[in-house]
Undergrad: 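Provided herewith is a single structure, encoded as structure tokens, for subsequent inquiry.
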Number of protein chains: 4
Amino acid sequence: MTPSAPAEMSTVALDAGLARGGRPRSKEREREILAAALHALVTEGFDAMTIEGVAAAAGAGKATVYRRWHNKIDLVIDAIGEQVALRAEIVDTGDIGADMRSYLRQLQRDLLGPNGALLATFMAERLRHPALAEAFEAQYASEKRACLRKLVRRAVERGALPADTDIDLLAGVGPALMVYEFVQRGGRLPRDLPDRIVRQFFE
Amino acid sequence: MTPSAPAEMSTVALDAGLARGGRPRSKEREREILAAALHALVTEGFDAMTIEGVAAAAGAGKATVYRRWHNKIDLVIDAIGEQVALRAEIVDTGDIGADMRSYLRQLQRDLLGPNGALLATFMAERLRHPALAEAFEAQYASEKRACLRKLVRRAVERGALPADTDIDLLAGVGPALMVYEFVQRGGRLPRDLPDRIVRQFFE
Amino acid sequence: MTPSAPAEMSTVALDAGLARGGRPRSKEREREILAAALHALVTEGFDAMTIEGVAAAAGAGKATVYRRWHNKIDLVIDAIGEQVALRAEIVDTGDIGADMRSYLRQLQRDLLGPNGALLATFMAERLRHPALAEAFEAQYASEKRACLRKLVRRAVERGALPADTDIDLLAGVGPALMVYEFVQRGGRLPRDLPDRIVRQFFE
Amino acid sequence: MTPSAPAEMSTVALDAGLARGGRPRSKEREREILAAALHALVTEGFDAMTIEGVAAAAGAGKATVYRRWHNKIDLVIDAIGEQVALRAEIVDTGDIGADMRSYLRQLQRDLLGPNGALLATFMAERLRHPALAEAFEAQYASEKRACLRKLVRRAVERGALPADTDIDLLAGVGPALMVYEFVQRGGRLPRDLPDRIVRQFFE
DNA sequence: AGATAATCGAGACGGTACGTCCCGTCTTCCA
DNA sequence: TGGAAGACGGGACGTACCGTCTCGATTATCT
């Protein structure tokens, strides 16, 4: 993410509507609620946690929560997004194997860390809520995809990969296998998966 | 499960308990309920569907549902097992490219057909509901995976693929990319994806 | 009320709808809820009492209350109606003064007793809820009015009252003055009001 | 309230506190709020109306309302006092029948006119909200009652009515019957009721 | 054939969370 | 400083499902 884009706005929180008059919403309240939500998510799980309970734990009224988030999903996503940054950075050193391995290891750390729950939630809801998928796409995935594509394209141009390489496909194979395995195994991942992927497809 | 077992029992449904006397449970009822459950799962999603709604849609009383299944997950697992037949068959003709292309095309048809929504739902929910994932695994995925693995192993043995091939990884790359794209694109798939996968990874 | 008319049905409670199947509603539950409602009405007052609180006090779920009564008014009316009988009886001994005095004294006792609250509630809501007014009319008022009219008519026929008496008007003057005073004084009544009314208008 | 007091102050409204500096409270605001309150009272009833709704309808902030009135009752009382003019005048021409008939006809017009709904609401709510009753009493009823009493007393002194007349009772019988019928009939009144009352009780 | 017993649809039951509304207080900015 | 706007903690509203339970009415099987 380029430094010129602040983009620190909540992804999902309701707009306050440019409200000119009136008492502004308290950032403090917001932070306390998000913290309570995160705590509830971790200790109780998504299904069991309750908006009512989150509000109570934050010492807030229910209306104060509903004023900002329409539903549990939005609340949870913001709660995670607040504390979290899926910042798997992609650098291009000219060594496609090393670069891809480095990126996949970061992705592995992200999936296994607290962000795994975020990804799971996203995956679970994106088919039913296209808007959510788009938000995720716009905020995170599209940039990663573009970077990976460039990485592969330049490797092909360099001759490090065959000239007839299907660039889009090869750029996607890393994340696809990582996520597929992650889902398949119910949130776990083999330690050496990044290495194996690189060895099989990029060397 | 011993191989001699006919395996026509429900995976999860409660035992009727050898009921000596009394009116036996109606298979008819059971099928109607499972059909209604499946419909609800696909149209509403796991979280939104209600047992009460399934019972009503099946013209059954709530007790008739609870008598057979303790909770929503058990019901849904049985519903899927009963009705679903993702019969992407895997044959081994000795031509790994052709065999893989044939399988992926079948998978593509499945994903885009009526079972696609079901599969997507399943994929989406499995991270949040491990029991669902396990059931799906046991019932469908593990067999496919084993077949694909054998296919790839024999191609390696034949010398059609390099000797240092990561068999597990290569066996998984096809489904992984197909499903990843499917979820990514919100239920659509490029027509030529199977061909591109085969060309890139199996030729 | 003639003995041939059982009329012990709830005035306001929702119909169970002739429900052929299903578990029947428990009379026991109903009685406990009504008792709790009456207690709440007396101790907290109409405005302050809460359906939620009544349900809790009765050890019942909210749905069990709402299944039977749509709103607080209906609940309270039934609660009062259960325990109470506005049974100011009207007898015709041939002495209009004595009979009227006897009736008005009973009415006085009713107004000052626990039924006063009932009347107050009825009066307060009847203009806004015509259905309520009709129910009260049908169940209580119309019969009283007819009796009083007959009482006065026979006194006129007997010559105990002038021949040009406006029977409807004179029949209504007792209750009108009693209730008017009752409302005017905020739920209190002069002890000797029945006597004064009889002395002024019926002797 | 001392007789020298100009009495143009609100009965219940909070004191502005001699506001030394700052912007003075707008009389305009006050009138608009009271008008909105009156409208809400008549159309929705005391219980259903909300201060929030009144403020919104008046285009005022909630604080602007609460700054002047502590609660709904105070607001409503002022609203009525501000706008209502039940100006049934009572004159004493020496003919008790004619005077009473004239007054009752004015009362009839009032009840059937736009103020009728207000009066009805008031009568309906006074039993449940004694403060409302007192306000109404102080502001309207007590004066009328005194006038009517004087009217009757002088008729008795004149010999136009029997010497043993119960003056209070007879003074009250007109309004009592009118209002009782009005409430009983859900806001309607027989055209000839004033005439019949006078003929029966004052001639 | 009759008794026995578990089934069936229906729906009431005590609960719990939902999302909305209003309370009365407060905080902010504008005039 | 008054006023419009509206956020705040609180709490009741009426609804929807949960999973359990009762009800009368069907079925089968076992005497």
Side-chain angles (χ1 to χ4, degrees), chain A residues 16-17 19-26 28-30 48-56 58-72, chain B residues 16-17 19-26 28-29 48-56 58-68 70-72, chain C residues 16-17 19-26 28-30 48-53 55-56 58-68 70-72, chain D residues 16 19-26 28-29 48-53 55-56 58-68 70-72:
Chain A
R20 298 265 265 106
R23 174 177 173 179
R25 294 195 188 149
S26 159
E28 179 65 10
R29 294 298 64 226
E30 194 148 327
M49 73 181 277
T50 281
I51 292 193
E52 200 149 5
V54 169
K62 290 199 319 182
T64 302
V65 177
Y66 280 107
R67 208 173 282 126
R68 294 160 208 269
W69 301 278
H70 277 317
N71 50 53
K72 215 188 339 185
Chain B
R20 297 258 261 120
R23 171 176 173 179
R25 289 190 192 156
S26 157
E28 179 64 11
R29 297 296 62 225
M49 71 183 277
T50 60
I51 292 195
E52 197 146 2
V54 169
K62 287 182 7 171
T64 303
V65 177
Y66 279 107
R67 206 173 286 122
R68 293 161 207 266
H70 277 318
N71 50 53
K72 200 163 38 164
Chain C
R20 297 266 263 110
R23 175 175 172 177
R25 293 195 189 151
S26 157
E28 179 64 12
R29 296 297 64 226
E30 192 148 328
M49 73 182 276
T50 281
I51 292 193
E52 200 148 6
K62 287 182 7 172
T64 302
V65 178
Y66 281 109
R67 207 172 283 128
R68 294 159 207 269
H70 277 319
N71 50 53
K72 212 181 355 179
Chain D
R20 297 257 259 120
R23 172 175 169 182
R25 289 190 191 159
S26 158
E28 180 63 10
R29 293 295 65 221
M49 72 183 277
T50 60
I51 291 193
E52 196 146 1
K62 286 177 18 168
T64 304
V65 177
Y66 279 107
R67 205 172 288 125
R68 294 160 206 266
H70 278 317
N71 50 53
K72 199 159 47 162

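Just so it is clear: chains get the letters A, B, ... in the order the sequence lines come, proteins before strands, and each one is counted from 1.
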Undergrad: With the threshold set at 4.0 Å, does a side-chain nitrogen-carboxylate oxygen contact exist between Arg25(A) and Glu30(A)?
TA: no
Undergrad: Trp69(A) has an atom CH2; how far is it from atom P of dC18(E), in whole Å?
TA: 15 Å
Undergrad: Return no unless some side-chain N or O of Thr64(B) is found under 4.0 Å from OP1 or OP2 of dG9(E).
TA: yes
Undergrad: Listed by chain and number, what are the side-chain contact (heavy atoms from CB on, under 4.5 Å) partners of Ala63(B), not counting sequence neighbours?
TA: Arg67(B)
Undergrad: Between the base of dT26(F) and the side chain of Arg23(B), is one N or O donor paired with an acceptor at under 3.5 angstrom?
TA: yes
Undergrad: Rounded to the nearest Å, what distance is computed from the NE2 atom of residue His70(C) to the P atom of nucleotide dA12(F)?
TA: 23 Å
Undergrad: Grab the OH-P distance between Tyr66(B) and dC21(F) for me, whole Å please.
TA: 13 Å
Undergrad: Quick one, Met49(A) and Val54(A) - any side-chain contact, counting heavy atoms below 4.5 Å?
TA: yes
Undergrad: Name all residues meeting the side-chain contact (heavy atoms from CB on, under 4.5 Å) criterion together with Thr50(A); count only those two or more places apart in sequence or in a different chain, and write none if there are none.
TA: Glu52(A)
Undergrad: Is any side-chain heavy atom of Ile51(C) closer than 4.5 Å to one of Tyr66(C)?
TA: yes
Undergrad: Just the rounded figure in Å: distance from P of dA17(E) to CD of Glu52(A).
TA: 7 Å
Undergrad: Under 4.0 Å, heavy atoms only, any strand: does Ala63(B) hit a base, just the sugar-phosphate, or nothing?
TA: base
Undergrad: Which comes earlier along DNA chain F counting from the 5' end, the contact point of Gly53(B) or that of Gly59(D), where each point is its nearest nucleotide?
TA: Gly59(D)
Undergrad: Tell me if the side-chain of Lys62(C) makes a donor-acceptor pair with the base of dG14(F), cut-off 3.5 Å, by modelled atom types.
TA: yes
Undergrad: Side chain of Arg67(B) only, heavy atoms from C-beta on: which candidate in dA10(E), dC21(E), dT7(E) is closest?
TA: dT7(E)
Undergrad: OP1 or OP2 of dG3(F) sitting under 4.0 Å from any side-chain N/O of Arg68(D)?
TA: yes
Undergrad: Between Arg25(C) (CZ) and dC13(E) (P), how many Å, whole number?
TA: 7 Å
Undergrad: Let me know, please, whether Ala60(B) or Ala48(A) comes out on the 5' side of the other along DNA chain E by nearest nucleotide.
TA: Ala60(B)
Undergrad: Specify the separation, in whole Å, of atom CD of Glu28(A) and atom P of dA7(F).
TA: 17 Å
